[in-house]
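Written out below as structure tokens is the structure these notes cover.
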Amino acid sequence: MTTKPFNRTIAVIDQRPRSLPVPVAPVSGALDGQSTDTLGRPLRDLRISVTDRCNFRCSYCMPKEVFDKDYAYLPQQSLLSFEEITRIARQFISLGVQKIRLTGGEPLLRKNIEVLVAQLSQLRTLDGTPLDITLTTNGSLLARKAQALKDAGLQRVTVSLDGLDDAIFKKMNDVDFPVSDVLRGIAAAQAAGLGPIKVNMVVKRGTNAHEIIPMARHFRGSGIVLRFIEYMDVGATNGWRMDEVMPSADVIALLQTAFPLVALEAAAPGETAQRWGYADAQGRHDTQAGEIGVISSVTQAFCADCNRARLSTEGQLYLCLFATQGYDLRALVRSPKPDGELLEAIARIWQGRSDRYSLLRAALPVQAADGENTPRRVEMSYIGG
Ligand code: SAM
Ligand code: SF4
Ligand code: SF4
């Protein structure tokens, strides 16, 4: 008999939270890319969710029991248009954003996504350099889309893949999607020059931990950076349990039994992954073999350097992956207000930011699985990973 991890009683209602009022206090200081939040963190990275829909039902993100045929996805008119997204992105860039990641849901399901990429790729950062534009995908449509995305100006992609064993992967994506099609997508992205490619593997103890070494062996020496992500308590529907989290320290210890590793410096401030290089016989980094990364969102909070903002599919601005409420930028962008007001609003919101959920996690009460009496945390598929 199959047993469910817990009982979910989630009403078929719109689970998206209400928005916070955009603050009206005057902006302190110059709007010149030096704006920082209350903890001194600059704004550098914007993640844009382009759809709340997905063709996978990963149990840790969009469990089938909740995201079923009755689930209330956003109607088309709620979605920000590509022009609205580009206009909002331009204001973020004026405040210091240098990197944009398109995500979702599954971003390649958004019709003509390459048109948005082409619009964003025209933008320049404050120092006049091209934006760093990337996209996170489950890889299912990548073989078809890789070349068009590259031609439109996309620089690189991150592909999610939770194992090489078909049975495990199919169990995790819960739609019977085979590993081989994702690998074909990765190969197409490589051929199109969408690199360096990163592959994200969410590790769930008891589900796919035994895929860690096979995955490392497969991608070692390929030029692809494999990153192991701790299973997170994001959203309110995945039935997260701490005992299913495999700490990154354990992942590294396991990998070291097969491949000696050396710790590497962070490539950029605010980088979420800790980098490890495959070591040569002298214990130095073997650059031909490449590197792996671990993202320890649960066991080692990286809030102190968190320079990321998230724009939901319908234009809500979220300041943290674990936020319960966002700020309605769509109302502003659809009003006759000029760009200056949009810019000031975003600056004010960022300057008031104090979010640091992962740092505080240990001290917080565990959120009820069905969210009763607690503000419902926003879902990862809505806000974008
Ligand atoms: N659909 C695309 C994909 O899967 O790559 C983009 C959106 S997905 C929400 C972005 C990333 O979040 C993926 O790499 C996914 O594995 C990760 N993710 C989703 N739920 C997670 C969870 N509960 N814990 C850790 N990572 C998670
Ligand atoms: Fe879809 Fe990505 Fe979430 Fe999996 S992790 S359900 S592919 S949005
Ligand atoms: Fe950033 Fe929130 Fe994650 Fe901390 S918990 S790193 S503030 S998104």
Side-chain angles (χ1 to χ4, degrees), residues 37-39 41 43-45 47-64 66-67 71 101-110 113 134-142 157-163 169 172-175 177 182 185-186 198-204 207-208 226-241 244-246 248 270-273 295-298 300-310 312-313 318-324 353-361 364 377-385:
D37 69 8
T38 62
L39 302 175
R41 299 170 295 188
L43 175 55
R44 293 286 177 264
D45 183 333
R47 301 188 174 197
I48 303 174
S49 173
V50 293
T51 177
D52 60 339
R53 291 165 196 256
C54 188
N55 53 346
F56 283 15
R57 285 292 174 274
C58 304
S59 50
Y60 51 73
C61 177
M62 295 181 78
K64 239 178 194 165
V66 178
F67 295 87
Y71 185 79
R101 177 177 297 279
L102 300 178
T103 177
E106 173 45 42
L108 299 187
L109 287 181
R110 178 83 187 249
I113 182 73
T134 180
L135 175 146
T136 305
T137 173
N138 62 26
S140 58
L141 301 170
L142 197 52
V157 284
T158 298
V159 183
S160 303
L161 179 63
D162 296 330
F169 184 56
M172 289 184 82
N173 66 53
D174 217 6
V175 292
F177 200 85
V182 180
I186 293 173
K198 291 176 184 157
V199 168
N200 280 353
M201 172 177 175
V202 174
V203 180
K204 267 184 100 173
T207 304
N208 65 340
L226 176 60
R227 302 179 326 160
F228 301 95
I229 306 181
E230 286 178 353
Y231 170 40
M232 281 187 284
D233 50 336
V234 70
T237 59
N238 64 9
W240 181 87
R241 296 200 323 248
E244 289 186 305
V245 177
M246 179 154 170
S248 294
E271 194 179 42
T272 51
I295 302 183
S296 319
S297 334
V298 178
Q300 266 187 290
F302 35 78
C303 304
D305 294 322
C306 181
N307 54 18
R308 291 177 295 283
R310 293 178 158 86
S312 82
T313 314
Y318 286 89
L319 303 178
C320 177
L321 190 51
F322 297 91
T324 53
R353 176 185 188 241
S354 59
D355 301 62
R356 53 194 191 289
Y357 174 81
S358 288
L359 270 177
L360 304 175
R361 177 189 276 112
L364 294 173
R377 280 207 298 263
V378 68
E379 292 299 324
M380 186 99 145
S381 51
Y382 166 73
I383 198 178

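Whatever order the structure lists them in is the order used to number ligands and atoms, beginning at 1. Numbering of residues begins at 1 and proceeds along the displayed sequence.
- At a threshold of 2.8 Å, atom 3 (Fe) of ligand 2 has no backbone or side-chain N, O or S atom of C54 nearer than that distance.
- In this structure, R353 pairs ionically with D37, as a charged nitrogen and a carboxylate oxygen lie closer than 4.0 Å.
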**Q.** Residues N138, N173; criterion side chain to side chain contact (heavy atoms under 4.5 Å, CB included); working and verdict
**A.** CA-CA 9 Å; N138 62 26; N173 66 53; over 6 Å; no
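- Residue contact annotation: S160 has no non-hydrogen atom under 4.0 Å from ligand 2.
- Between S160 and ligand 1, an N or O atom pair is found at a separation short of 3.5 Å.
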Q: Tell me, with the steps shown, if R227 and T272 meet side chain to side chain donor-acceptor pair (under 3.5 Å).
A: CA-CA 10 Å; R227 302 179 326 160; T272 51; 4.6 Å; no
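- Residue E230 places a heavy atom under 4.0 Å from ligand 1.
- Here T158 has no heavy atoms under 4.0 Å from ligand 1, in either its backbone or its side chain.
- Annotation for ligand 1: atoms under 4.0 Å from non-hydrogen atoms of E106 are 1 (N), 2 (C).
- Annotation for ligand 2: atoms under 4.0 Å from non-hydrogen atoms of M62 are 6 (S).
- For T137, a nitrogen or oxygen atom sits less than 3.5 Å from a nitrogen or oxygen atom of ligand 1, counting backbone and side chain alike.
- Pocket lining of ligand 3, defined as residues with a non-hydrogen atom under 4.0 Å away: F302, C303, C306, R308, R310, C320, L321, F322, R353, D355, R356, Y357, S358.
- Residues passing the side-chain contact (heavy atoms from CB on, under 4.5 Å) test with L108 are E106, I113, L135, T137, L141, L142, K145, L149, sequence neighbours excluded.
- Within the listing of ligand 1, atoms 2 (C), 3 (C), 5 (O) sit less than 4.0 angstrom from a heavy atom of N138.
- Here T136 has heavy atoms under 4.0 Å from ligand 1 in both its backbone and its side chain.
- Although no hydrogens or angles enter the test, the distance criterion places a donor-acceptor pair under 3.5 Å between the side chain of E230 and the main chain of S248.
- Taking every heavy atom of T103 and a limit of under 4.0 angstrom, the matching atoms of ligand 1 come to 6 (C), 7 (C).
- Residues P107 and L102 share a closest heavy-atom pair of CG-O, 4.1 Å.
- Taking only nitrogen or oxygen atoms, main chain and side chain alike, M232 reaches within less than 3.5 Å of ligand 1.
- The residue from V202, L108, N200 that puts a heavy atom closest to atom 16 (O) of ligand 1 is V202.
- Residue-ligand proximity: G105 is placed with a non-hydrogen atom under 4.0 Å from ligand 1.
- The aromatic rings of F177 and F56 sit tilted relative to each other, their planes meeting at an angle between 30° and 60°.
- In this structure, Y231 and W240 have tilted ring planes: the angle between them lies in the 30° to 60° band.
- F302 places a side-chain heavy atom less than 4.5 Å from the side chain of I295.
- The backbone N or O of V50 lies less than 3.5 Å from a partner atom in the side chain of R110, making a donor-acceptor pair.
- Counted by atom type alone, D52 and Y71 present zero donor-acceptor pairs between their side chains at under 3.5 Å.
- Considering backbone and side-chain N/O of D162, none are found under 3.5 Å from N/O of ligand 1.
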Q.
Between T38 and S354, is the side chain to side chain contact (heavy atoms under 4.5 Å, CB included) condition met? List the steps.
A. CA-CA 6 Å; T38 62; S354 59; 3.4 Å; yes
**Q.** Worked check of side chain to side chain contact (heavy atoms under 4.5 Å, CB included) between F322 and M232
**A.** CA-CA 10 Å; F322 297 91; M232 281 187 284; 3.8 Å; yes
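- Looking only at distances, no side-chain donor or acceptor of D45 sits under 3.5 Å from a matching main-chain atom of R308.
- The contact set between ligand 1 and N238, taken as ligand atoms under 4.0 Å from a residue heavy atom, comprises 23 (N).
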